[in-house]
Asks: 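My questions will all concern the structure given below.
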Amino acid sequence: MTTATNMTGAPGHAAAIPSDGLAALDPHRIRQDFPILDQQVNGKPLVYLDNAATTQKPRAVIDAISNYYLNNNANVHRGVHTLSQRATDDYEVGREAVRRFINAPDVNEVIYVRGTTEGLNLVAHSYGRKYFKAGDEVIITGMEHHSNIVPWQILRQEIGIRLRVVPFNDDGELLMDEYESLLNDRTRLVSVVHQSNALGTVNPIAAMAELAHARGIPVLVDAAQSVPHMPVDVQALGADFLTFSGHKLYGPTGIGALWGRSDLLNDMPPYQSGGEMIRSVTFEETIYNTLPHKFEAGTPDIAGAIGLGAAIEYLESIGMERIAAYEQALLRYGTEKLGDIEGVRLIGTAEDKGGILSFHMESAHPHDIGTILDAEGIAVRTGHHCAQPVMARYGVPATVRASLAFYNTTDDIDALVTAIDRVIEVFG
Ligand code: PMP
């Protein structure tokens with residue numbers, strides 16, 4: 001795999017990050033790495049503010065995927081021939097990149113999945129089905145994405161488990177006392193989102209894990225929105241499982257990772273079965289493969305894994321601390337600007353939050369706002385963001401969500417503000 005070149009002008013990990021976060025990196029240099037951003041939409045320069053839904057891909061990722069298909073395409077782990085060995089090597093380089101990126105102790109604990117949704121389902125259906133009994137409890141929070149609600153509801157139907165939900169305050173911060181009081185002898189798992197996609201809240205995972213571990217309860221972290229925007233260290237967080245999606249991490253769709261402690265993964269049954277996940281098969285008996293292959297049945301998304309590895313190498317060349325510092329400064333800028341507009345109600349105002357600007361306007365439906373913004377070349381997400389309980393908590397059907405990445409600029413925020421002024425002109 002080719003190492004991503006540092007085209008950002010960033011001085012590298014060792015250099016101090018300026019206290020003015022907006023100077024932490026040069027977004028104009030970074031934008032040159034993302035060809036898609038340089039286009040007009042509806043006659044206006046594209047302003048891409050839908051990064052929580054999916055992020056754009058740097059050239060390094062696109063090149064790594066085409067290099068695989070142009071030069072190395074073959075199935076992995078199956079052939080002695082050169083192409084198969086090259087494909088396998090690059091596929092495994094991607095796995096090691098994931099391990100390094102989240103500071104996992106062992107590369108064999110990194111399982112490729114389709115994305116966060118599959119990672120959560122894998123734990124629910126493998127771990128949950130093996131260990132949960134009727135009356136057992138799983139704790140989630142009120143700000144989960146549907147993918148961290150529905151799998152547990154399916155187990156509720158099948159097994160009779162109980163789902164306990166940690167509430168949050170008006171700013172979108174979890175009520176930690178309530179969390180603590182929900183932990184009890186029947187709790188079998190805490191499954192919690194690290195950064196909320198609807199509110200931006202960054203939850204105190206390390207503190208939550210400490211309380212859970214004191215009772216011997218494992219913690220599953222949905223890191224879909226955190227891994228792309230801040231340094232994430234599974235050991236520092238005290239996670240037992242953690243999952244994320246490649247496409248929100250500047251990598252391809254269809255690939256993601258689940259990391260889990262090997263003692264837990266080793267004792268879990270396979271989630272899917274077939275080729276690759278076996279050591280030997282007779283009609284009488286099948287012996288399963290070792291980690292991570294036990295959980296990777298069938299031909300995987302090889303190009304996706306290679307692209308994910310390239311995305312991680314690209315991000316490492318800039319540095320996640322630098323990215324976080326820049327995005328935090330951009331968030332402060334955006335929060336101030338949107339906060340100044342009369343009629344705009346920001347939803348999600350936690351002290352500790354990532355680059356999500358979710359808002360509601362009494363005067364206009366979110367979809368109408370989204371349509372006006374699109375006419376101005378601005379891409380935002382409108383809707384319930386697969387977090388309908390969050391919308392219900394605030395008494396709104398939907399919000400408009402502008403979500404930031406490190407290639408966004410203060411000019412992007414200014415364009416958003418001007419377009420919202422246009423919405424006010426139209427709807428009052
Ligand atoms: N969890 C969170 C917090 C998310 O934001 C998302 C994607 N919106 C998911 C889970 C599901 O991710 P995917 O669709 O990539 O599986």
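Ligands are counted one by one from 1 in listed order, and the atoms in each one are counted from 1 as well.
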Asks: Could you identify the single nearest non-hydrogen protein atom to atom 3 (C) of ligand 1 and state the distance to 0.1 Å?
Replies: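 Heavy-atom neighbour on the protein nearest atom 3 (C) of ligand 1: D222 OD2, 3.4 Å.
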
Asks: Tell me, which protein residue and heavy-atom name are nearest atom 10 (C) of ligand 1, and how many Å apart are they?
Replies: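 Nearest protein contact, heavy atoms only, for atom 10 (C) of ligand 1 is S147 OG, 3.2 Å.
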
Asks: For ligand 1, which atoms have a heavy atom of Q225 less than 4.0 angstrom away?
Replies: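 What qualifies from ligand 1 is 3 (C), 4 (C), 5 (O).
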
Asks: Which of the numbered atoms in ligand 1 are below 4.0 angstrom from a heavy atom of V193?
Replies: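 Selected atoms, number and element: 3 (C).
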
Asks: Tell me, please, which residues at least two apart from T201 pass side chain to side chain donor-acceptor pair (under 3.5 Å).
Replies: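 With neighbours one apart ignored, the set is empty.
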
Asks: To the nearest 0.1 Å, how far is atom 4 (C) of ligand 1 from its closest protein heavy atom, and which atom is that?
Replies: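 Nearest neighbour among protein heavy atoms for atom 4 (C) of ligand 1, to 0.1 Å: H145 CD2, 3.5 Å.
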
Asks: Please determine whether any non-hydrogen atom of H385 lies less than 4.0 Å from an atom of ligand 1.
Replies: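 No.
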
Asks: Considering the heavy atoms of S245, write down every atom of ligand 1 situated less than 4.0 Å from one of them.
Replies: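 Per the distance check, 12 (O), 13 (P), 15 (O), 16 (O).
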
Asks: Atom 8 (N) of ligand 1: which protein heavy atom is closest, and how many Å away?
Replies: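 The protein heavy atom lying closest is K248 NZ, 2.8 Å.
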
Asks: Looking at the rings of H194 and H229, which for Trp means the six-membered one, are their centres under 6.0 Å apart?
Replies: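 For H194 and H229, the ring centres are not under 6.0 Å apart.
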
Asks: When you measure from the heavy atoms of C386 to every atom of ligand 1, does any distance fall below 4.0 Å?
Replies: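 No, C386 has no heavy atom closer than 4.0 Å to ligand 1.
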
Asks: At a 4.0 Å threshold, what atoms of ligand 1 neighbour a non-hydrogen atom of T117?
Replies: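 In order of number, 11 (C), 12 (O), 13 (P), 14 (O), 16 (O).
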
